[in-house]
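Below: one structure, written as structure tokens.
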Amino acid sequence: MTPITRRRLQHFSSNRRGFWSLWIFLILFFISLFAEGVANDKPLLVIFGERFIFPVFETIPETEFGGEFATETEYRDEFVRDLIEKKGKIYWSLIPYSYDTINYNLPSAAPSAPTAENWLGTDDQGRDVVARLIYGFRISVLFGLVLTILSSILGVAAGAVQGYFGGRVDILGQRFIEIWSGLPVLFLLIILSSFVEPNFWWLLLIMLLFSWMGLVGVVRAEFLRGRNLEYVRAARALGLSHGRIMFRHILPNAMVATMTFMPFILSGSITTLTALDFLGFGLPPGSPSLGELLAQGKANLHAPWLGIAGFAVIALQLSLLVFIGEAVRDAFDPRHNA
């Protein structure tokens, strides 16, 4: 580890708000990655006689437990639970509901208020809100991470080519970005959704077409400055290829600005997915989505727990990312590393 990297880590750790925000975000993301073990309508472990069964990973027919049907076991059925508990035991997850599990034993009509069984109540289809928040958190973060990484790669490559070669390449690239950035993304999504049903990868591809331009300006400016430095001229005089000069000698300096922008790009990607889901042009119906939960809260004002729960999770998520981004920005600030 170089001394400057060590100083950057030290400055990042000294920012207590950003440091603890990173740990809180990582813990929440780690829990959401194993959402099937936290919120699931299938037991984590079933002990039947001398057998150890993991219903999350294997499909067991009801006849194996003495039932009448050869179909997949419905573990939430009281008859099936009685059959299993006669010779064994069932171990459920912390939240015995998945994101698409409908609770048919609600104390009132859906959406029902929070109870001991449904901690944050249910939505308008009787699905547990906590389970949908956990799964929705995972989808939004994964979508944002993939979009951020891919758009950063494209943006850095485009900015590097424009800034290094300059001249006609730079002018044509800038004119293309001006035209491309003026296209109405939302209208295009509305038009395309009438031909193809949107899904995770389809939305990712559409958003990637327009999100890569965020880093072009920063990287382009760094390459315009760096291509005239003495060590770059010396490398060019020694006969090094353009690709090696760009990605070995100039790119490390441009990555400083890229790293400081990435947390903010991630938060913007999550906000975009949430907005599309809220408007109904995002993930397919039934998918666990924070934006869809906000739309349900808007449509069911008599059930305030829906809107409050969705708003609290999104606000926490974006606040943590902004605090992390501020800490990263300060850590890479050259005035702190002098």
Side-chain angles (χ1 to χ4, degrees), residues 28-42 56-57 59 72 95 97-102 122-155 180-181 183-214 262 265-299 306-307 309-311 313-314 317-318 321:
L28 294 176
F29 183 49
F30 180 80
I31 293 174
S32 68
L33 285 178
F34 298 93
E36 287 79 5
V38 179
N40 205 320
D41 55 359
K42 296 181 180 180
V56 178
F57 304 104
T59 301
E72 182 179 357
I95 303 171
Y97 298 97
S98 185
Y99 68 91
D100 57 351
T101 305
I102 299 176
T122 62
D123 62 5
D124 56 5
Q125 298 184 32
R127 299 170 298 191
D128 187 74
V129 173
V130 177
R132 293 187 66 80
L133 286 175
I134 296 174
Y135 284 88
F137 184 92
R138 179 175 66 180
I139 287 182
S140 63
V141 174
L142 289 177
F143 180 89
L145 285 175
V146 176
L147 181 60
T148 299
I149 293 173
L150 295 179
S151 61
S152 297
I153 294 174
L154 294 178
W180 194 251
S181 61
L183 295 177
V185 182
L186 181 58
F187 289 162
L188 289 177
L189 285 173
I190 295 174
I191 295 172
L192 293 175
S193 63
S194 63
F195 296 98
V196 181
E197 181 181 0
N199 54 41
F200 182 91
W201 299 108
W202 178 253
L203 286 175
L204 183 66
L205 176 62
I206 297 298
M207 297 309 302
L208 180 60
L209 294 176
F210 299 94
S211 62
W212 59 271
M213 294 174 287
M262 287 188 70
I265 297 176
L266 175 58
S267 62
S269 303
I270 294 175
T271 304
T272 301
L273 179 63
T274 303
L276 290 175
D277 289 333
F278 179 80
L279 296 174
F281 301 106
L283 297 174
S287 302
S289 168
L290 301 178
E292 190 262 348
L293 188 63
L294 290 178
Q296 287 200 28
K298 175 178 177 292
L306 297 176
F311 171 78
V313 172
I314 295 174
Q317 192 178 46
L318 298 181
L321 290 175

Find the distance between CD (Q125) and CD1 (I102) and round it off to the nearest 0.5 Å.
6.0 Å

If only atom types and distance count, is the side chain of S289 paired as donor or acceptor with the main-chain N or O of G291 below 3.5 Å?
yes

Would you name the heavy atoms of L266 and G144 that are closest together and state the gap between them?
CD1-C, 3.1 Å

Where the side chain of D277 meets the backbone of L283, is there a donor-acceptor pair that is under 3.5 Å apart?
yes

As an exercise, state the distance from CG of L276 to CD1 of I206, rounded to the nearest 0.5 Å.
10.5 Å

Measuring from T148:OG1 to L321:CG, what's the distance to the nearest 0.5 Å?
9.0 Å

Only counting residues at least two apart or in another chain, list the ones meeting ring pair (Phe, Tyr, Trp, His ring centres under 6.0 Å) with F200.
F143

Between CG of L203 and OG of S269, what distance do you get to the nearest 0.5 Å?
12.0 Å

Can you tell if the side chain of I314 reaches within under 4.5 Å of the side chain of L294, non-hydrogen atoms only?
yes

Does L290 form a side-chain contact (heavy atoms from CB on, under 4.5 Å) with Q317? I'd like the steps, not just the answer.
CA-CA 11 Å; L290 301 178; Q317 192 178 46; 3.8 Å; yes

Heavy atoms of L147 and S211 approach each other most closely as CD1-OG, 3.4 Å

So, do F29 and L142 sit near enough that their side-chain heavy atoms are less than 4.5 Å apart?
yes

Hey, does R127 have a side-chain heavy atom less than 4.5 Å from the side chain of T122?
no

What residues form a side chain to side chain contact (heavy atoms under 4.5 Å, CB included) with Y135, not counting sequence neighbours?
A35, E36, A39, S98, Y99, R138, P288

About how many Å separate CG of L33 and CZ of F137, when rounded to the nearest 0.5 Å?
9.5 Å

Ignoring hydrogens, what is the shortest heavy-atom contact between S151 and L208? Give both atom names and the distance.
N-CD1, 3.5 Å

Between N199 and P284, the two heavy atoms sitting closest are CA-CD, 3.9 Å

Heavy-atom closest pair (V141 atom, I270 atom, distance to 0.1 Å) is CA-CD1, 4.3 Å

For D124, is there any backbone N or O sitting under 3.5 Å from a side-chain donor or acceptor partner on Q296?
yes

D41/Y97 under side-chain contact (heavy atoms from CB on, under 4.5 Å): CA gap, chis, key distance, verdict
CA-CA 4 Å; D41 55 359; Y97 298 97; 5.6 Å; no

Should L273 and M207 be marked as a side-chain contact (heavy atoms from CB on, under 4.5 Å) after you check the CA-CA gap, both sets of side-chain angles, and the distance that decides it?
CA-CA 9 Å; L273 179 63; M207 297 309 302; over 6 Å; no

Salt bridge K298-E292, side-chain N to carboxylate O under 4.0 Å:
no

Salt-bridge test for D123 and R132: reply yes if a basic N is under 4.0 Å from a carboxylate O, no otherwise.
yes

Any chance you could measure I134, atom CD1, to I139, atom CD1, to the nearest 0.5 Å?
12.5 Å

Kindly determine whether M213 and L154 satisfy side-chain contact (heavy atoms from CB on, under 4.5 Å), including the steps that lead there.
CA-CA 8 Å; M213 294 174 287; L154 294 178; over 6 Å; no

